[in-house]
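A quick note: this is a predicted structure, and the numbers were derived from the prediction, not measured.
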There are 2 protein chains.
Amino acid sequence: MGSAADILVRNPRLAEAREHLEAALAARRVILLVGQCRVIYRGRASSELTDGDRILLIKTDGSVLVHRPFGYESVNWQPSKCLFKTTLRDRVLTIRATRVQPKETLTILFSEVASLGVYNLEDSGVFSMYVSEEQMRQAILLDPSLVEDGIRPLAEEKRFGDAGFTDVLAEDAAGNLVVIEIKRDRAGRDAVLQLRRYVDEIARDAQRPLRGVLASPGLRKGAQRLLESLKFEFRRVAPERCYDVLRRHDQVKISDYFDSDER
Amino acid sequence: MGSAADILVRNPRLAEAREHLEAALAARRVILLVGQCRVIYRGRASSELTDGDRILLIKTDGSVLVHRPFGYESVNWQPSKCLFKTTLRDRVLTIRATRVQPKETLTILFSEVASLGVYNLEDSGVFSMYVSEEQMRQAILLDPSLVEDGIRPLAEEKRFGDAGFTDVLAEDAAGNLVVIEIKRDRAGRDAVLQLRRYVDEIARDAQRPLRGVLASPGLRKGAQRLLESLKFEFRRVAPERCYDVLRRHDQVKISDYFDSDER
DNA sequence: ACGTCGATCTCGAAC
DNA sequence: GTTCGAGGTCGACGT
């Protein structure tokens, strides 16, 4: 890494800040600007934020984040591929980030800059997450007994009309079709309704009895009742067991998912 | 603001960085740490991110964000009210942010620090946003002709079972009940299903004919067909007209929503 | 605490 | 381009 900070200045004059900014934007560097600003957004909605101290982060892909000193979420933002324009007038440094589709603009007006950092960051790190819904699905395909003994998956990612994909379509020991909806977290009513959509869709073409099964670590309150009223079934599937299956089939890279003291 | 940056150091040794960090965490300052790190998350799910240059932002409320040099979203994070612990061992500066409920920990392991900034930021700015779904609802309550002439809202925020709230329940000129579902953006199939849920819920108790109306700026593709098959209606309601109504009733503070050159 | 729903949601995948 | 579903979604609001 060496010295990743190209620029790191405290309380720069606005003109100086603008010069660094222009060069950094042209070079597609990561920019951190901390100072007093107000923010205007116009696009899908409109917003205004009056003066205060904020952190502005501009990334290499042209995405923009404005953070207040508190709160997890950014107060204003712009996704990647923004076009930038800076102006300096009347002691205000204006940064405008424009997105084309949909057309929206984010305008940040700095009246004071506490610090400006410009960085040349290299990040080719690999990000892995466990256990996603997709991994639960893979585990169930590898070992369908996670859901039910004697069940056999019929096709991966089979599509039915506009209703989207069923998570898994299978056949049980008795020859019934089984539509399986998977949730990585406890399933609520919305998951049951989603299952119903898939079941309805498939029922239109199916020539044999059809079962709807919700596979998840648990059920939220209303889900049980709704599930019963629709004659669907619930199968408890713990992410831990899915992980075991994946590991047994060497589908998982992570080494210390359950043993690490980081857990 | 004066000098909001308490600390701003380039390439600090890890021990120095840790000292500043500990003091800043105790003082509840905003912290910006840029450098090479890897990240481990354990909680509702698990994730690992191998080495790379990242931006770490810790806020006054104990929220944490780890940003890669690209992408709008943070790669790892922790919501507010985290507990922190830092350690320095084997040339690695470890920052651990723990959340109690749900129990989850985020561990960031820095091997190099390009810059460390500690800030005392003041932000009492006011954030205003237009036009939200709630504002569209207010506009429709103020001027129901936005949806249909002769319609009269019956009650705000009337509740029905666990199904949640209807956006607006009204009575039309003929005395029918009208359930109105509002969307600020073009409405998709999910909005129609949501409307059905409210209509079904109310139909159980209603003593008179019931209509379901979807009020939004437009319809997505599948929504039209689903709407028709369920015998519901669509009413085009533009956010701009809602804004006009709100402004006419002095319900809006913003001055230049449509006239500003920021638009 | 849990459940529901909106969001400038973002992001990706399929069509 | 559009549509659809996942997300450690988050956050707000209500029970």
Side-chain angles (χ1 to χ4, degrees), chain A residues 39-47 63-66 71-80 97 99 101-106 127 129-137 157 159 161-167 181-191 193-194 197-198 218-223 239, chain B residues 39 41-47 63 65-66 71-80 99 101-106 127 129-137 157 159 161-167 181-191 194 197-198 218-223 239:
Chain A
V39 187
I40 299 169
Y41 160 74
R42 295 287 183 276
R44 287 166 289 176
S46 296
S47 78
S63 53
V64 183
L65 298 162
V66 180
Y72 155 78
E73 289 183 315
S74 55
V75 62
N76 282 109
W77 71 90
Q78 202 73 288
S80 58
R99 186 187 183 192
Q101 180 65 13
K103 170 84 168 168
E104 41 190 2
T105 62
L106 183 63
F127 180 70
M129 240 254 299
Y130 325 86
V131 180
S132 65
E133 183 176 302
E134 173 57 22
Q135 288 190 316
M136 286 182 69
R137 187 174 149 275
E157 311 207 5
R159 207 180 160 278
D162 328 329
F165 296 78
T166 50
D167 286 346
E181 169 68 25
I182 302 167
K183 287 291 162 207
R184 68 171 298 284
D185 208 344
R186 286 193 315 146
R189 215 170 349 219
D190 52 342
L193 292 174
Q194 198 170 328
R197 227 174 97 191
Y198 297 139
L219 288 181
R220 290 177 192 281
K221 208 168 58 185
Chain B
V39 188
Y41 160 75
R42 294 289 182 274
R44 286 168 290 176
S46 296
S47 78
S63 53
L65 298 162
V66 180
Y72 156 77
E73 289 182 315
S74 55
V75 61
N76 282 109
W77 70 91
Q78 203 70 291
S80 58
R99 187 188 184 189
Q101 180 66 10
K103 171 82 169 169
E104 40 190 3
T105 62
L106 181 64
F127 181 70
M129 239 252 299
Y130 324 85
V131 178
S132 66
E133 183 175 304
E134 171 57 21
Q135 289 190 315
M136 286 182 68
R137 188 175 147 274
E157 311 207 4
R159 210 181 156 276
D162 329 329
F165 296 78
T166 51
D167 286 346
E181 169 68 25
I182 302 168
K183 287 291 163 209
R184 66 173 298 284
D185 208 346
R186 286 169 52 206
R189 217 172 346 222
D190 52 342
Q194 200 169 330
R197 224 174 101 191
Y198 296 141
L219 287 180
R220 292 179 190 280
K221 209 164 63 184

Can you tell me if [X] touches the phosphate of [N], counting only side-chain N or O atoms and a distance under 4.0 Å to OP1 or OP2?
X        : N      : result
B/Arg44  : D/dC10 : yes
A/Arg99  : C/dT8  : no
B/Lys221 : C/dC15 : no
A/Trp77  : C/dC9  : no
A/Arg197 : D/dG5  : yes
B/Arg137 : C/dC5  : no
B/Gln194 : C/dT4  : no
A/Arg220 : C/dA1  : no

Exercise for review: Answer with yes or no whether the side chains of A/Gln135 and A/Tyr130 bring together a donor and an acceptor at under 3.5 Å.
Suggested key: no
Check your understanding: Which nucleotide sits closest to the side chain of B/Gln101: C/dC2, D/dT3, C/dG6?
Key -> C/dC2
Point to revise | Closest to side chain of A/Arg189, choosing from C/dG3, D/dT2, D/dG8 | key: C/dG3
Check your understanding: When the P atoms of C/dT4 and C/dT8 are considered, how many whole Å apart are they?
Key -> 22 Å
Review point. Could a donor-acceptor pair under 3.5 angstrom be found where the side chain of B/Glu133 meets the base of C/dG6?
Key: no
Review point. Does B/Asn76 get its side chain close enough to the base of D/dG8, under 3.5 Å, for a donor-acceptor pair?
Key: yes
Review point. Can A/Tyr72 be said to stack with the base of D/dC10, given centres closer than 5.5 angstrom and planes under 30 degrees apart?
Key: no
With sugar-phosphate meaning primed atoms plus P, OP1 and OP2, does [X] contact a base, only sugar-phosphate, or nothing at under 4.0 Å between heavy atoms?
X        : result
A/Gln78  : nothing
B/Pro79  : base
A/Asp190 : nothing

Between [X] ([atom1]) and [N] ([atom2]), how many Å, whole number?
X        : N      : atom1 : atom2 : answer
B/Asp167 : D/dG14 : CG    : P     : 14 Å
A/Tyr130 : D/dG7  : OH    : C1'   : 17 Å
A/Glu73  : D/dC10 : CD    : P     : 9 Å
B/Asp185 : C/dG6  : CG    : P     : 12 Å
A/Leu193 : C/dG3  : CG    : P     : 15 Å
A/Glu134 : C/dG12 : CD    : P     : 15 Å
B/Met136 : C/dT8  : CE    : C1'   : 15 Å
A/Leu65  : C/dC9  : CG    : P     : 16 Å

Practice item. Would you indicate whether the side-chain heavy atoms of A/Arg186 and A/Leu219 approach each other to under 4.5 Å? Key: no
Check your understanding: Which residue, A/Ser80 or B/Ser132, contacts DNA chain C at a nucleotide closer to its 5' end, judged by nearest heavy atom?
Key -> B/Ser132
Check your understanding: So does A/Glu104 pair up with A/Arg42, basic N to acidic O under 4.0 Å?
Key -> no
